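Okay, structure first, notes after.
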Number of protein chains: 2
Amino acid sequence: MLSQKTKYALKALLYLAQQDENHISRTIEIAEGASIPKKFLEQILLDLKRGHFVGSKQGKFGGYYLLKDKESITLADIHRLFDGAIALLPCASLNFYERCSDCVSESECLLRHGLMIIRDETLKAMQGITIASLVKK
Amino acid sequence: MLSQKTKYALKALLYLAQQDENHISRTIEIAEGASIPKKFLEQILLDLKRGHFVGSKQGKFGGYYLLKDKESITLADIHRLFDGAIALLPCASLNFYERCSDCVSESECLLRHGLMIIRDETLKAMQGITIASLVKK
DNA sequence: TTCAAACCCTACTTCTTTTATAGAGTTTAA
DNA sequence: TTAAACTCTATAAAAGAAGTAGGGTTTGAA
């Protein structure tokens with residue numbers, strides 16, 4: 001399941017994607033437009049900025065705007081930024097790989113292979129959903 | 001990600017699936033065989049029993065055994081029993097549907113449709129992985 | 001009939017994560 | 001110089017995960 005944070009991040013990105021080109025949105029504007037607590041949204045936007053999904057302009061008349069193309073921001077990207085691995089266990093993850101502490105031998109693990117199949121399918125589906133595809137609906 | 005509980009449940013089922021037909025496994029035997037804390041496993045086996053995945057025999061010489069066919073227990077089933085919804089948000093879930101409290105209109109929700117596509121793909125993949133398929137690896 | 005083995009059940013504790021909130025700092029345009 | 005707005009860190013409250021404790025109940029056999 002998505003965390004509230006990831007859900008808010010997606011809603012914020014969708015909000016930004018729906019604005020006119022070159023428009024800069026203030027945090028309070030996004031917060032009210034997408035029903036997100038403002039102070040919480042501040043953190044989320046900073047994370048999105050650090051992830052290079054949005055850009056910001058500081059000072060008066062500042063705000064946030066999409067940095068990447070709507071078409072190139074996928075659900076997989078945002079999930080990874082806020083909720084981490086797509087795979088069901090770290091040992092089956094591409095980007096967040098970690099060995100199971102209680103696993104005697106990874107090659108003999110009965111679970112891992114199946115989880116990697118699921119990861120591949122889920123990842124493919126998540127990479128197919130972009131901010132652009134969601135806005136177009 | 002899978003909770004530890006779900007992971008343990010799968011490991012316990014795999015253990016049971018690897019025993020001879022008609023063999024009854026005691027909790028302590030499964031716990032040691034699959035590296036699961038015994039008292040925690042007790043709860044998990046009870047949940048699996050209530051979900052009709054395993055059967056039990058009480059009293060001396062009692063224990064647990066698979067109730068369903070190895071082929072008919074899927075990863076989706078076990079995920080749902082312990083970790084709940086497969087979908088990324090309750091509003092996109094088949095078995096754990098719940099309306100988003102902050103969603104003005106479900107039909108106008110930009111997120112929901114995309115999440116349902118992902119749910120369908122993930123579910124299909126998870127239903128394809130059975131205890132039997134994992135043991136055969 | 002008694003006893004021990006083993007499942008059954010509920011409550012509790014501890015730890016971590018999530019979901020925020022608070023408040024001060026920094027930058028910028030007018 | 002000032003106000004608007006982003007930036008950053010710390011803290012708090014609530015929820016959930018993971019595991020522990022301690023009985024209760026059932027069953028087979030001596």
Side-chain angles (χ1 to χ4, degrees), chain A residues 1-12 16 23-32 34-65 67 79 81-85 88-90 96 100-102, chain B residues 1-12 16 23-65 67 79 81-85 88-90 96 98 100-102:
Chain A
M1 298 271 285
L2 297 185
S3 66
Q4 196 71 349
K5 207 167 182 174
T6 301
K7 181 179 157 190
Y8 286 157
L10 290 167
K11 286 174 75 176
L16 291 178
H23 178 71
I24 280 193
S25 306
R26 290 172 300 144
T27 304
I28 185 69
E29 182 188 330
I30 306 171
E32 289 172 357
S35 308
I36 305 170
K38 191 207 168 217
K39 288 299 274 182
F40 198 20
L41 178 60
E42 280 184 4
Q43 292 176 33
I44 292 166
L45 288 168
L46 281 176
D47 286 337
L48 284 170
K49 188 193 170 187
R50 295 187 187 113
H52 306 105
F53 294 101
V54 303
S56 73
K57 187 171 178 303
Q58 286 200 102
K60 201 168 181 180
F61 305 114
Y64 292 94
Y65 50 91
L67 201 58
H79 188 285
L81 182 62
F82 292 97
D83 284 347
L88 291 172
L89 284 182
F96 297 84
C100 286
S101 59
D102 60 334
Chain B
M1 298 271 283
L2 297 185
S3 65
Q4 195 72 351
K5 207 167 184 176
T6 302
K7 182 178 157 191
Y8 285 158
L10 290 168
K11 286 173 76 176
L16 291 178
H23 177 73
I24 279 193
S25 306
R26 290 172 301 143
T27 303
I28 185 69
E29 182 187 332
I30 306 171
E32 288 171 358
S35 307
I36 305 171
K38 194 209 167 213
K39 290 296 275 182
F40 199 19
L41 178 59
E42 280 184 5
Q43 293 177 32
I44 292 166
L45 288 168
L46 281 175
D47 286 337
L48 285 171
K49 189 193 170 187
R50 294 187 187 114
H52 307 106
F53 294 101
V54 303
S56 73
K57 187 170 177 306
Q58 286 200 100
K60 205 169 180 180
F61 305 114
Y64 291 93
Y65 52 91
L67 200 59
H79 188 284
L81 183 61
F82 291 98
D83 283 348
L88 291 172
L89 284 182
F96 296 84
E98 222 172 289
C100 286
S101 59
D102 61 332

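So you know, we letter chains A, B, ... as the sequences are listed, proteins then strands, and number each from 1. Just so we're clear, the structure is a prediction, and the values are computed from it rather than from any experiment.
Checked by atom type and distance alone, the side chain of B/His79 never pairs as donor or acceptor with a backbone atom of B/Leu2 at under 3.5 Å. A donor-acceptor contact shorter than 3.5 Å is absent between the side chain of B/Lys49 and the backbone of B/Gly55.
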### Message
Output one letter per nucleotide in nucleotides 11-22 of chain D: B when a protein non-hydrogen atom lies under 4.0 Å from the base, S when only the sugar-phosphate is that close, - when neither is.
### Response
-------SBBBB
### Message
Counting primed atoms plus P, OP1 and OP2 as sugar-phosphate and everything else as base, spell out the protein contacts along nucleotides 24-30 of chain D at 4.0 Å heavy-atom distance: B, S or - for each nucleotide, 5' to 3'.
### Response
--BBSS-
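Looking only at side-chain heavy atoms (C-beta outward), A/Lys5 and A/Gln43 come within less than 4.5 Å of each other. Side-chain contact between B/Tyr65 and B/Leu16 is absent, with no heavy-atom pair separated by less than 4.5 Å. Taking the side chain as every heavy atom from C-beta outward, A/Met1 and B/Leu88 never approach each other to under 4.5 Å. Looking at A/Leu81 and A/Thr6, their side chains never come closer than 4.5 Å, going by heavy atoms from C-beta outward. B/Pro37 is listed as a side-chain neighbour of B/Tyr8, based on a closest heavy-atom distance under 4.5 Å. In this structure, the side chains of A/Tyr64 and A/Ser56 come closer than 4.5 Å at one or more pairs of heavy atoms.
Listed pair B/Thr27 / C/dC7 meets the phosphate criterion, a side-chain N or O lying under 4.0 Å from OP1 or OP2. Look at B/Arg50 and you'll find a side-chain N or O under 4.0 angstrom from OP1 or OP2 of C/dC9. A close approach under 4.0 Å does occur between a side-chain nitrogen or oxygen of A/Tyr64 and OP1 or OP2 of D/dT7. The side chain of B/Ser56 places an N or O atom within less than 4.0 Å of a non-bridging phosphate oxygen (OP1 or OP2) of C/dC8.
Regarding B/Met1, its CE atom lies at a distance of 11 Å from the P atom of C/dT18, rounded to whole Å. Computed from coordinates, the B/Ile24 CD1 to C/dC7 P distance equals 9 Å when rounded to whole Å. Taking atom CD1 on A/Ile44 and atom C1' on C/dT21, their separation rounds to 13 Å, with Å as the unit. When rounded to the nearest whole Å, the span between NZ of B/Lys49 and C1' of C/dC9 equals 11 Å. B/Leu48 places its CG atom 12 Å from the P atom of C/dC8, with the value rounded to the nearest Å. Atom pair A/Lys11:NZ and C/dT19:P shows a separation of 13 Å (rounding to whole Å applied). Here C/dT10 presents its C1' atom at 13 Å from CG of B/Asp47, a figure rounded to the nearest Å. To the nearest angstrom, C1' of C/dA6 lies 14 Å from OH of B/Tyr65.
The side-chain contact (heavy atoms from CB on, under 4.5 Å) test with B/Leu41 is passed by exactly one of B/Leu48, B/Leu46, B/Ile36: B/Ile36.
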